[in-house]
Asks: 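What follows is a structure written as structure tokens; I'll ask about it next.
Because the structure is predicted, anything quoted here is derived from the model rather than measured. Because only heavy atoms are used, hydrogens play no part in the values below, and waters and symmetry mates are left out as well, while side chains stay in. In each ligand, atom 1 is the first atom listed, and ligand 1 is the first ligand listed.
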Amino acid sequence: MNKPMILVVEDDAPIRNLITTTLRAHDYRYLTAANGEGAILEASSHNPEIMLLDLGLPDMDGVEVIRRVRTWSDLPIIVISARSEDADKIEALDAGADDYLTKPFSVEELLARLRVTQRRLAAQRPGGTVEAVFTNGRLRVDYAAGCAFLGEQELHLTPSEYKLLCLLSRNVGKVLTHTYITQQLWGRSWDNDVASLRVFMATLRKKLEQEPGSPQYIQTHIGIGYRMLRVE
Ligand code: CA
């Protein structure tokens, strides 16, 4: 895989150095910015392929950076925030971030998130068109025919389970928040919709996962949402 150019946005110099040292050691190219204005400038002038974005910046909220960058670019954005800032993470994901890292994070976690994002980039088709058939490990979703298979076996899904599977597969590698998913499925997001989502997720997993207790395809992000992972 060709290593992408990464924009590192972090005002905390020791953390920024940890990230850039890690990137350098793994042959990534990178740019840095220490505030929101710098991030927007670098993103617009150098076309990085992935952005690592601290949410607590001195001049503006990281979420504002996401909103502004999203007006012209869909580059993957991985936000970095402290454990106590779950609400901020959710806001960032809803504003268009793809994934998040919680401080303090390990070098291995950082590299793992970058690999997930690189796979997403590699799977993207030019022009942003969607493939008619999605395959991931043994899972195959035929969007045109409106059905899904696991190996040779057709999955017997309810309409809500199928919609949920399509939404996750079309966003493979990306963390989707409860609010985003319920809005896509039902056009609203009430507390009991999140409860219903959990029920549909449980029944979908029973049909999809070999071991629903340790899911391979759909990852739970407690208090935040779900993500479909690329399976080898
Ligand atoms: Ca900060």
Asks: So if I apply the side-chain contact (heavy atoms from CB on, under 4.5 Å) rule between Leu52 and each of Leu110, Val9, Leu7, which one comes out positive?
Replies: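 Of all the options given, the one that passes is Leu110.
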Asks: Measure distances from the Ca ion (ligand 1) and count the protein N, O or S atoms below 3.0 Å.
Replies: 3
Asks: Do any pairs count as a side chain to side chain donor-acceptor pair (under 3.5 Å) and have a residue in residues 31-44, sequence neighbours left out, and if so which ones?
Replies: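 Sorted pair list: Glu42-His46.
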Asks: For Arg140 and Phe149, indicate whether the former's side chain and the latter's backbone hold a donor-acceptor pair under 3.5 Å.
Replies: no
Asks: Side chains of Val133 and Val141: closer than 4.5 Å at any heavy-atom pair?
Replies: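 Answer no - side chains too far apart.
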Asks: Below 4.0 angstrom, N of the basic side chain to O of the carboxylate: do Arg205 and Glu161 qualify?
Replies: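 No.
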Asks: Apply the side-chain contact (heavy atoms from CB on, under 4.5 Å) test between Tyr28 and each candidate in Thr22, Val8, Leu114, Thr20; give the one that qualifies.
Replies: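 With Tyr28 as partner, Thr22, Val8, Leu114, Thr20 yield a single side-chain contact (heavy atoms from CB on, under 4.5 Å), made by Leu114.
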